[in-house]
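Small disclaimer: the values here were computed from a predicted structure and weren't measured. The figures that follow rest on heavy atoms only: side chains count, while hydrogens, waters and symmetry mates do not. By convention here, the first residue in the shown sequence is residue 1.
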Amino acid sequence: MVEEESNRLVLEGDYKKYLQLNAEQKIEKVLEFQELLTQQHQTESRKPSLLLEFAKLLVAAKEYKEAIASYDQALKFKPDYDSAWYNKACSYALQGNIEQAIENLEKAIHLNPDKYQEMAKTDSDFDSLREDERFLVLIQAQQTGN
């Protein structure tokens with residue numbers, strides 16, 4: 001049953017839907033994630049994706065520090081989790097922490113350059129980085145053959 005509920009939450013996960021939830025619905029969803037994450041029968045292989053979705057929900061609630069902690073937990077289970085690195089970079093950028101945003105985006109791009117260089121070019125989460133030379137180099141590396 002834990003596995004089924006975990007799968008449901010991950011499959012239903014959608015950042016845009018999370019943004020549309022009211023405060024009470026977000027709290028309910030947070031509690032649902034927290035309960036599943038602490039279940040004794042939760043599999044280690046499922047935890048990273050649950051933690052990623054939980055973090056996205058926290059970002060939608062503008063709880064960036066908590067979201068980053070959830071991404072960090074996911075990365076402990078799966079250090080090469082490119083989506084966690086990318087979304088963690090988004091969270092730092094939304095906080096205005098440019099150094100950490102660049103550092104985490106660089107890790108995501110290193111793991112999956114084709115996907116994340118393209119995404120970062122238009123992702124509004126990175127608007128605060130648009131003029132930063134390091135950001136421009138990261139998103140253009142593919143075009144220059146690096």
Set of residues satisfying side chain to side chain contact (heavy atoms under 4.5 Å, CB included) with respect to [X], sequence neighbours excluded:
X: Gln73; result: Leu51
X: Asp80; result: Lys78, Leu111
X: Ala120; result: Tyr86, Leu105, Phe126, Phe135, Ile139

Requested in this report: Kindly write out the residues that satisfy salt bridge (Lys or Arg N to Asp or Glu O under 4.0 Å) with Glu28, not counting sequence neighbours, or none if the list is empty.
Outcome: none

Query raised in the report: Considering all heavy atoms of both residues, which atom of Lys47 and which atom of Phe77 are nearest to each other, and what is their separation?
Result: CD-CZ, 3.5 Å

Report task. Identify the two heavy atoms, one from Thr122 and one from Arg130, that lie closest to each other, and give their separation to 0.1 Å. Result -> C-NH2, 3.8 Å

From [X] [atom1] over to [Y] [atom2], what is the distance, rounded to the nearest 0.5 angstrom?
X: Ser83; Y: Lys88; atom1: OG; atom2: NZ; value: 13.0 Å
X: Glu103; Y: Leu138; atom1: CD; atom2: CG; value: 11.5 Å
X: Leu129; Y: Asp127; atom1: CG; atom2: CG; value: 9.0 Å
X: Ser70; Y: Leu52; atom1: OG; atom2: CG; value: 8.0 Å
X: Glu118; Y: Ile109; atom1: CD; atom2: CD1; value: 10.0 Å
X: Gln140; Y: Gln117; atom1: CD; atom2: CD; value: 9.5 Å

Would you give me the side-chain donor-acceptor pairs under 3.5 Å for residues 91-99, sequence neighbours excluded?
from: Ser91; atom 1: OG; to: Asn87; atom 2: O; distance (Å): 3.3
from: Asn97; atom 1: OD1; to: Gln100; atom 2: N; distance (Å): 3.1
from: Glu99; atom 1: OE1; to: Arg134; atom 2: NH1; distance (Å): 2.8
from: Glu99; atom 1: OE2; to: Arg134; atom 2: NH1; distance (Å): 3.1
from: Glu99; atom 1: OE2; to: Arg134; atom 2: NH2; distance (Å): 3.2

Report task. Please test Lys76 against Tyr71 for side-chain contact (heavy atoms from CB on, under 4.5 Å), starting from the C-alpha separation and ending with a verdict. Result -> CA-CA 9 Å; Lys76 284 180 186 175; Tyr71 292 129; over 6 Å; no

Query raised in the report: Out of curiosity, does Ile68 fall in the hydrophobic cluster containing Tyr116 (side-chain heavy atoms, cut-off under 4.5 Å, transitive links)?
Result: no

Query - Salt bridge Asp82-Lys107, side-chain N to carboxylate O under 4.0 Å - result: no

Report summary line: Here the ring pair (Phe, Tyr, Trp, His ring centres under 6.0 Å) pairs for residues 46-66, sequence neighbours left out, are Phe33-Phe54

Query raised in the report: Run the side-chain contact (heavy atoms from CB on, under 4.5 Å) check on Leu136 and Asp132 step by step: do they pass?
Result: CA-CA 6 Å; Leu136 296 172; Asp132 190 289; over 6 Å; no

